[in-house]
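Heads up: the structure comes next, in structure tokens.
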2 protein chains.
Amino acid sequence: MNKDQKTEARILEAAIEIFQQKGFAATRMQDIADRASINKAMLHYYFRSKQKLFDRVFQYAIQQFFPGIVAIISGNGSAEAKIRQLVEFYLDMLQKNPRLPGFIIHEIQQNEEHFLETVVRKNPFQPARIITRFVEELQAELNLQGVSELDARQLFVSLIAMIVFPFVARPMVMGLFELDSEAFEKMMSARKTFIPLLFARLLQGQAENKDAEGGE
Amino acid sequence: MNKDQKTEARILEAAIEIFQQKGFAATRMQDIADRASINKAMLHYYFRSKQKLFDRVFQYAIQQFFPGIVAIISGNGSAEAKIRQLVEFYLDMLQKNPRLPGFIIHEIQQNEEHFLETVVRKNPFQPARIITRFVEELQAELNLQGVSELDARQLFVSLIAMIVFPFVARPMVMGLFELDSEAFEKMMSARKTFIPLLFARLLQGQAENKDAEGGE
DNA sequence: GTCTATAACAGGATAGAC
DNA sequence: GTCTATCCTGTTATAGAC
């Protein structure tokens, strides 16, 4: 913790760290104070209550996580290009913030209704609409390639799963594959090429009467 | 809650429900007592402490989740057959226990060391070894089919991700796809054919000089 | 075995000196 | 703005009557 930063920033940084690791319920204000090398009373001075401090941290996490998807899939370009962008962007971001998705998922579950209300329904970007549109694009692409038996919505969920899950289940993955942090990071870096490769193979046509495909 | 069951079983059932939903830290003994329609003091009479009650619930969850994988992938049969079994078995089990994986993942993270010690290292079934072996099998199959550029370990992680992630992120998936519980269940049922289909397509050879493959 | 009442303590929040 | 001391509520855990 950088002692030079001004106090409010130090607290916020510490709060992000601790809340993301332990979740709201298991976090003690004292833990945050300790990590910020600061007095417990200061937390209340700057943020009034644990709940308000948490709200800031959660809001920030949501802002870090969701707008990226929406921006990428609503852009121009082929479905395959968007997939590559999603993989690239999210794996990079998650390597820097490995606990982010687990935190978000766990806290959403603690207050499902609040999430639906604020992030889904009242969100001017209408993520549900944008996702639906992208899934349609992807389905069109699948049909074109003669693999219409694959459902695009299922495939999209699978894509997100492939990107996000290893981070959510990081301790499990590390344990079961006997990886240390460094090996885990390497594996996630390799995933940046693995996932697009897998999708390229899936999307590459059954459509036999296309001429030998162009370069990669 | 079945009032006829004897008390200890009622408590355990209630504890599973509540702990899985809220996690250890957010759970109150009172919540469990209420759900079991029983007095709070009874919880201590039967299980001594919150921690001990939780340990029972967590142990049970681990037993429900892990042995299945180990059994399936260490059996006989082709890699593809094992994949089909994994998908079938886990999707069924998770539909009955949708909160199980999120619970396990969150609590593992709260005490990573304990998990590594008990579930990975001191486990006589040596899950890490068994997984390594299966990954080798899968890689052999990939090589045989002329898709050696796909890494089997990455693929295995992806398989687990595809199966488990939608349940871990259930509220998010439901929100972003605008599904009610029933629609979600339907989607998960459909996944039982989707995932094997996807893997069949991946594994089905690049190997051009094979004769036109047998039926599906 | 089951309940009510209460002890014991942890943790969030505030008062007030500096 | 920062600290120490303290209040006060909620929660685990136990004592003891039935």
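A note on names: the letters A, B, ... follow the listed sequences, proteins ahead of strands, and every chain is numbered from 1.
A search for side-chain contact (heavy atoms from CB on, under 4.5 Å) contacts involving A:L176 returns A:M172, B:F66, B:V120, B:P127, B:I131, not counting sequence neighbours. Residues satisfying the side-chain hydrogen bond (donor to acceptor under 3.5 Å, both in side chains) criterion with A:Q139, sequence neighbours excluded, are A:N143.
Contact annotation: A:T7 side-chain N/O to D:dG1 OP1/OP2 distance is not under 4.0 Å.
In this structure, A:L43 atom CG and D:dT2 atom C1' are separated by 12 Å, rounded to whole Å. In this structure, B:I18 atom CD1 and D:dT12 atom P are separated by 12 Å, rounded to whole Å. Rounding to whole angstrom units, CZ of residue B:F24 and P of D:dT11 are separated by 14 Å. Distance B:D34 CG to D:dT11 C1': 13 Å, rounded to the nearest Å.
Listed by first then second residue, pairs satisfying side chain to side chain donor-acceptor pair (under 3.5 Å) with a partner in residues 120-131 of chain B read B:E113-B:R121, B:E117-B:R121, not counting sequence neighbours. Pairs passing the salt bridge (charged side-chain N to carboxylate O under 4.0 Å, His left out) check and including a residue from residues 163-182 of chain B, sequence neighbours excluded, do not occur. Legend: ring-ring contact (aromatic ring centres under 6.0 Å, His included) pairs involving residues 168-203 of chain A, not counting sequence neighbours, sorted by first then second residue: A:F167-A:F184.
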In B/S/- notation, 5' to 3', how is nucleotides 3-18 of chain C contacted by protein heavy atoms closer than 4.0 Å?
BB------SBBB----
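Using cut-offs of 30° and 60° on the angle between ring planes, the pair A:F24 and A:F19 is parallel.
No engagement by A:F47 is indicated, since no non-hydrogen atom pair under 4.0 Å with the nucleic acid exists.
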